[in-house]
Amino acid sequence: MASLNETGTTVRAPRAPWLTLKRRETIEGWLFVSPTLIGFLIFFLGPLIAVVFYSLSEWNLLSQDTTFVGLANYEDALTQNPDFWLVIRNSVIFAAGLVPMNMALALALAMALARPFRGVVFFRTIFFAPVVTSAVAWAIVWKFLLQGDAGAVNQMLATVGIDGPNWLREPNWAMAAVIVTRVLKMVGLNMILYIAALQSIPRDYEEAARLEGASEWQIFRMVIWPLLAPTTLIIMVITTIGSFKVFDHIYLMTGGGPENGTLVLAFYIYQQAFEFFEIGYASALAMIMFVIVLALTVVQLILRQKGST
C-alpha cells in the first residue's frame, strides 16, 4: 500500500517480514523434533509397513520373486502348521512363569531395600548389575552352570546329596531353567521401579495405620499395595511385552529345544526368516505377535481402570 508524504512524494509501506516470530517458532519446533520424527519414519513406520506387505506375500529370501498371496500366510499359521500352536503354548507358559515370579521377587527386594541402612547401595548394585550385564555373556555363563554333572549347579546339589537333572537337555526342566535365569537377569529393573514408588509414598500413611493398631501385613495390603497399583501396572505391561519378545536366552541356551520345548514365538520368527528363509511367513508371525502383545496390553489397561473405579 502506498501513501503520500509531506513533500508529495509516494512512499510505500514496509512489507511485513516473511519470517515472523510465529513462523520462526514453528520452524524451530519442527527442527527440534525432526531427528525423532525421521527415526520414527525410518526405523518404525517404514519397517512396519514393509512387514505388513511381506506378510501378505510369498517371498523366499534366496529368490528375487515376490508373489502376493493375501492372507494365505496367516491361514497357514493358524490352521495348517501345528508348530504354531506349540509355539504359542510355549510362549504363554514362559510369560505365565516369568511375569509373576519377576514381579513378586522385585517387590520383595524393593521392600527390603527401599529404606536406608548400612550397605543398602551395595545390595541395590548387586541386584541391578545383571540388568546392565551383556545378555550374551549372561546366557553363556548360565549355560555352562546348568550343564549336567559338569555344571556348577549340579555339583553344588551333589554336595547335599541331590542328583540334579541335565537342566537344558530335559524337556521338563529346560523351560523352567530359562525362566529362572531370565528372571535373575531382569528383576533388578523392576526392583528399582518399585523402590522409587515406595519412596514416593508418604510415611504419614503408614504411621497413621500403626497408630490404629494395624499389623505390618495389613499396612502392606491396605495402604502400600493400593498406592503401588500404577507402578505395578507399568511393570506388568513392560514385563509381559518383554517375555513375548525374549530371543537371546532361547537362542544361546537351548536353541528352542529340547524337543521344541522352549521354542517361543520370537525365536520361531527368527528361525522361519533366517534359517528357512520364509520371509513372508515370518512377517505374518511377527504381525500375529504384535497383535497378541497389543491385546494383552489393552486387557491389562482395562483391568487396571476397572480396579481403580
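As the structure is a computational prediction, the values presented were derived from the model and not from experiment.
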Please list all pairs passing the side-chain hydrogen bond (donor to acceptor under 3.5 Å, both in side chains) test where one or both residues lie in residues 136-160, with sequence neighbours left out.
N154-W167
Results of ring pair (Phe, Tyr, Trp, His ring centres under 6.0 Å) for F276 - residues two or more places apart only:
none
SB check E206 R115 (cutoff 4.0 Å):
yes
To the nearest 0.5 Å, how far apart are CG in L228 and OG in S200?
8.0 Å
Take the angle between the ring planes of F247 and Y251 and call it parallel below 30°, perpendicular above 60°, tilted in between.
parallel
Main-chain N/O of P258 paired with R169 side-chain donor or acceptor, under 3.5 Å
no
Any side-chain heavy-atom pair from Y268 and N90 closer than 4.5 angstrom?
no
Below 4.5 Å, heavy atoms only, C-beta onward: do F127 and V187 meet side chain to side chain?
no
With heavy-atom distances below 4.5 Å as the criterion, would you say the side chains of E216 and R210 are in contact?
yes
Could you tell me the separation between the OG1 atom of T231 and the CG atom of L107, rounded to the nearest 0.5 Å?
10.5 Å
What residue pairs, at least two apart or across chains, pass side-chain hydrogen bond (donor to acceptor under 3.5 Å, both in side chains) with a residue in residues 180-193?
N102-N190, R182-D248, R182-H249, N190-T239
For F290, all residues meeting ring pair (Phe, Tyr, Trp, His ring centres under 6.0 Å), sequence neighbours excluded:
none
To the nearest 0.5 Å, what is the distance between CG (L184) and CG (L105)?
7.5 Å
Could you measure the distance from the OG1 atom of T262 to the CD1 atom of I93? Nearest 0.5 Å is fine.
11.0 Å
Please list all pairs meeting ring pair (Phe, Tyr, Trp, His ring centres under 6.0 Å) that have one or both residues in residues 21-61, counting only residues at least two apart or in different chains.
F40-F44, Y54-W59
Carefully, step by step, assess N60 and I279 under the rule side-chain contact (heavy atoms from CB on, under 4.5 Å).
CA-CA 6 Å; N60 188 291; I279 299 299; over 6 Å; no
Any non-hydrogen side-chain atom of T232 less than 4.5 Å from a side-chain atom of W225?
yes
Closest heavy-atom contact between V51 and A286?
CG1-CB, 4.3 Å
Once rounded to the nearest 0.5 Å, what's the spacing between atom OG of S91 and atom CD1 of I292?
7.5 Å
Check whether more than 12 heavy atoms from other residues, nucleotides or ligands sit under 6.0 Å from atom CZ of F277, and answer yes or no.
yes
Identify whether L146 and M156 are in the same connected component of the hydrophobic contact network (ILVMFWY, side-chain heavy atoms under 4.5 Å).
no
Is there a chain of hydrophobic side chains (I, L, V, M, F, W, Y, each step under 4.5 Å between heavy atoms) that links V52 to V69?
no
Does any pair with a residue in residues 65-99 pass ring pair (Phe, Tyr, Trp, His ring centres under 6.0 Å), and if so which ones, sequence neighbours excluded?
none
Would you please test I195 and L109 for side-chain contact (heavy atoms from CB on, under 4.5 Å) and show each step?
CA-CA 9 Å; I195 288 176; L109 292 172; over 6 Å; no
Is a donor on one side and an acceptor on the other found under 3.5 Å between the side chain of N73 and the backbone of S57?
yes
Please test L296 against F244 for side-chain contact (heavy atoms from CB on, under 4.5 Å), starting from the C-alpha separation and ending with a verdict.
CA-CA 11 Å; L296 289 173; F244 274 89; 3.3 Å; yes
Checking side-chain contact (heavy atoms from CB on, under 4.5 Å) for the pair M175/I179: CA distance, chi angles, key distance, verdict?
CA-CA 6 Å; M175 180 64 79; I179 289 174; 3.8 Å; yes
Of all heavy-atom pairs between M191 and A110, which one has the smallest distance, and what is that distance?
O-CB, 3.8 Å
Does one hydrophobic cluster hold both I49 and I42, with members joined at side-chain heavy-atom distances below 4.5 Å?
no
Which pair of heavy atoms, one from A77 and one from I288, lies closest together, and at what distance?
CB-CD1, 4.2 Å
Just by distance, do the side chain of Q272 and the backbone of I269 share a donor-acceptor pair under 3.5 Å?
no
Return the minimal non-hydrogen interatomic distance between A209 and V223, and the atom names on each side.
CB-CG2, 4.3 Å
Treating E58 as the side-chain partner and G280 as the backbone partner, does any N or O pair qualify as donor plus acceptor under 3.5 Å?
no
Inspect the surroundings of CD in E278 and state if more than 12 heavy atoms from other residues, nucleotides or ligands are less than 6.0 Å away.
yes
L211, Y205: one ILVMFWY side-chain cluster at the under-4.5 Å cut-off?
no
Would a hydrophobic clustering, with Ile, Leu, Val, Met, Phe, Trp and Tyr connected at side-chain separations under 4.5 Å, put L86 with F267?
no
Could you state the interatomic distance from NZ (K245) to OG1 (T240), rounded to the nearest 0.5 Å?
12.0 Å
Against V237, only a single residue in I234, L233, I235 fulfils side chain to side chain contact (heavy atoms under 4.5 Å, CB included); can you say which?
L233
If you take all heavy atoms of G164 and L157, which pair is closest and at what distance?
CA-CD1, 4.1 Å
Using side-chain heavy atoms (C-beta onward) and a distance below 4.5 Å, is L263 in contact with Q271?
yes
Is the number of heavy atoms from other residues, nucleotides or ligands within 6.0 Å of CD (E275) greater than 12?
yes
Which pair of heavy atoms, one from R221 and one from P226, lies closest together, and at what distance?
O-CD, 3.4 Å
